[in-house]
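Let me begin by presenting the structure, written as structure tokens, before commenting on it.
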2 protein chains.
Amino acid sequence: MTRVRLTDVAARAGVSMKTVSNVVHHHPHVSPAMRARVQEAIDELGYRPNLTARRLATGRTGMIALAMPEIDHPYFSELSRSIAEVAAEMGYRVLIEQTLGEAEAERAVIMDREAGLVDGVIFHPVSMTTVEIGKLRRDLPLVLLGESARPLTTDHVMIDNVQAARDGTELLRRTGRRIAFLGTVSHDVTGSTAQRLHGYQEALELAGVPGDTSLVLETGGFRVEDARAALSAALARGLDIDAVLCRDDRFAIGALQALAEAGLSVPDDVAVLGWDDTHLATISTPTLSSIAPDKRGIARIALELLIERIGGHQGVGRHRIAPHGIEQRQSTAGR
Amino acid sequence: MTRVRLTDVAARAGVSMKTVSNVVHHHPHVSPAMRARVQEAIDELGYRPNLTARRLATGRTGMIALAMPEIDHPYFSELSRSIAEVAAEMGYRVLIEQTLGEAEAERAVIMDREAGLVDGVIFHPVSMTTVEIGKLRRDLPLVLLGESARPLTTDHVMIDNVQAARDGTELLRRTGRRIAFLGTVSHDVTGSTAQRLHGYQEALELAGVPGDTSLVLETGGFRVEDARAALSAALARGLDIDAVLCRDDRFAIGALQALAEAGLSVPDDVAVLGWDDTHLATISTPTLSSIAPDKRGIARIALELLIERIGGHQGVGRHRIAPHGIEQRQSTAGR
DNA sequence: ATGAAAGCGCTAACAG
DNA sequence: CTGTTAGCGCTTTCAT
């Protein structure tokens, strides 16, 4: 049951390893007769090159690791798919890792756990700080995603969260005056929420609207239920709003639930805008408008940077902004 | 920028490779003094073992491939997570592959594309037939998931779809008489739908209810929208039902939409039961009851079978049934 | 308890 | 255009 090796094929075809190798790699300078003979031996023996051995010999694995907090979260699974597909176009395969946002798992990612297994890593940190990443990282090519940490030494891709939040807020301002922000999570360690809140505030200031802290809703956690509860409670307290900008699509789903329970119609009474443009936005009732990070764009930029690093590019960390848009659906119809 | 190797550490510590290897592997018979000296050299040099080289030497990769139709589909991403987590407990890492259900990609999975890269493969086929899989598969350890194909030579894990459909139908029958099935997709190549429909029919027959083909709703595709449209059209034609058993959670979401549009209340007028128990079921309004395959259980069984095969187990394909349940939420409240 | 040396299967100089 | 050979970095007998 021992596997067929290159030498077995060579012996069978009565040629050297090099010739077999040339055939396997579709090298040009092989006589057709030779090629046919070798191919026959390959087929008869059912030869498959051993990828591990090839990697060791070439020093190139053709694989990159992608480390994300949760592989089954809608945004991350959709982004993973984009990255895997774009990587395939660029000749790489992707090893998907889940950190669950745990510090230890994140540290393992940075500290060359994948030594010699992958050519580089794309990493979306949650709990590691900028300082920590800068300090612990090895010389493994690395590109960071998301907004929580950005060491000066490391490449980084994100969307402009502040601008996106401004765009969203301005959209909602077109027909409404009182725009809520849902939500700031207590003890949120991710920088995303802060940036989004910041953009929301900027847009209001630019519009000459006085800040109103009662419009900023804090949730107890990241679940849909937490968002629903936060908005429900606020509505019960008499909160009066025309629209709500949500931190992500899950929170927006919670908002739709809370508004429905309160007997408010979306979008007629209150408009709702989500964030991430995941598949959730297309299946809710009403369908959900959502700030849409360009996932393919993020994937492409991250891979380009990473592949340059793999190719030997040195220098300080580059900071790239990926495009975003707003996918308009029913929940903001008329805006 | 050349990496630190085992020999570098050995030279630095003034010992042989073997001793360093013993330390790295936490072998028992190493004197504490020696261990300390070697560890110091490892730390100073920042040595990380090259995993590719280790793999080539040991012949074991410690990695398995998981090939699924779509990595961002709720059911598959959740199942992937379970498999990755259980695999980690068992000392394996998972390389996730996406086939998009394409015949060519599926064939590549079977035909040792991963040669020497992984120790085995867990594969959820969609378009490959039983015969084709039996014919094309190499000697790479393989476990199949899902219900579409089951060659006699290959291990296979699934839930009892027929029984699960009976269970679901019986639950719905407790308070309703007219139970619809949504949906059979035109040209559905997966066996799942047929089995589920079969279980539904069996349950009705056992209850002495005459079959009624007007209750079996065919959809034009696998999207939420297809399901919504199918049920809407049926309701518009005057279809009168007490409950609907859905082929999967996405179809159930579509059913909720169609019922809401028709002014029917769930669960009071019509109960809805989904299938797969994905996160979608927890965020819909009302929340969705769903037939729940035990994803951890599937993962555990699949990995146990695969690891036995990796360990050299020979013999005919084993056919294992994983447990299922029904997660009851609002959409069937009162049943 | 530690060292020396022979592979694991493939690639890539370098010859011929 | 084809063959020979020396590694890639690690594990693993077999000695000592």
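All heavy atoms count here, side chains included; hydrogens, waters and symmetry mates do not. Proteins get letters first, then strands, A, B, ... in listed order; numbering begins at 1 in each.
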Establish, with yes or no, whether the OP1 or OP2 oxygen of [N] is under 4.0 angstrom from a side-chain nitrogen or oxygen of [X].
X: A:Ser21; N: C:dC10; result: no
X: A:Ser31; N: D:dC1; result: no
X: B:Thr58; N: D:dT12; result: no

With heavy atoms under 4.0 Å as the rule, sort B:Met17 into base, sugar-phosphate or nothing.
-> base
For [X] and [N], what is the distance between atoms [atom1] and [atom2] respectively, to the nearest whole Å?
X: A:Asn22; N: D:dG3; atom1: CG; atom2: P; value: 10 Å
X: A:Asn50; N: C:dG9; atom1: CG; atom2: P; value: 7 Å
X: A:Leu56; N: C:dG7; atom1: CG; atom2: P; value: 17 Å
X: A:Leu51; N: D:dC8; atom1: CG; atom2: P; value: 21 Å
X: B:His25; N: C:dT2; atom1: NE2; atom2: C1'; value: 17 Å
X: A:Lys18; N: D:dT2; atom1: NZ; atom2: C1'; value: 9 Å
X: B:Arg37; N: C:dA1; atom1: CZ; atom2: C1'; value: 13 Å
X: A:Leu6; N: D:dG7; atom1: CG; atom2: P; value: 19 Å

Name the closest nucleotide to the [X] side chain, picking from [options].
X: B:Ser16; options: C:dG9, D:dG3, C:dT2; value: C:dT2
X: A:Arg54; options: C:dG3, D:dG9, C:dT11; value: C:dT11
X: A:Pro49; options: C:dC10, D:dT2, C:dT2; value: C:dC10
X: B:Ala53; options: C:dT11, C:dG9, D:dC10; value: D:dC10

Taking A:Thr52 for its side chain and B:Gly116 for its backbone only, find out whether a donor-acceptor pair lies under 3.5 Å.
->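 Yes; judged by distance alone, with no hydrogens or angles, the pair exists.
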Side chain A:Asp43, main chain A:Glu40, donor-acceptor under 3.5 Å =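 Checked: no pair found.
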Output, in order, the C-alpha distance, side-chain angles, deciding distance and verdict of salt bridge (Lys or Arg N to Asp or Glu O under 4.0 Å) for B:Arg107 and B:Glu132.
-> CA-CA 9 Å; B:Arg107 242 176 258 124; B:Glu132 210 175 357; 3.1 Å; yes
Would you check, one step at a time, whether the test salt bridge (Lys or Arg N to Asp or Glu O under 4.0 Å) holds for A:Arg300 with A:Glu89?
-> CA-CA 10 Å; A:Arg300 187 167 304 283; A:Glu89 289 167 15; 3.6 Å; yes
A:Thr153 and A:Arg137 side chains, donor-acceptor separation under 3.5 Å |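 A:Arg137 vs A:Thr153: no donor-acceptor pair found between side chains.
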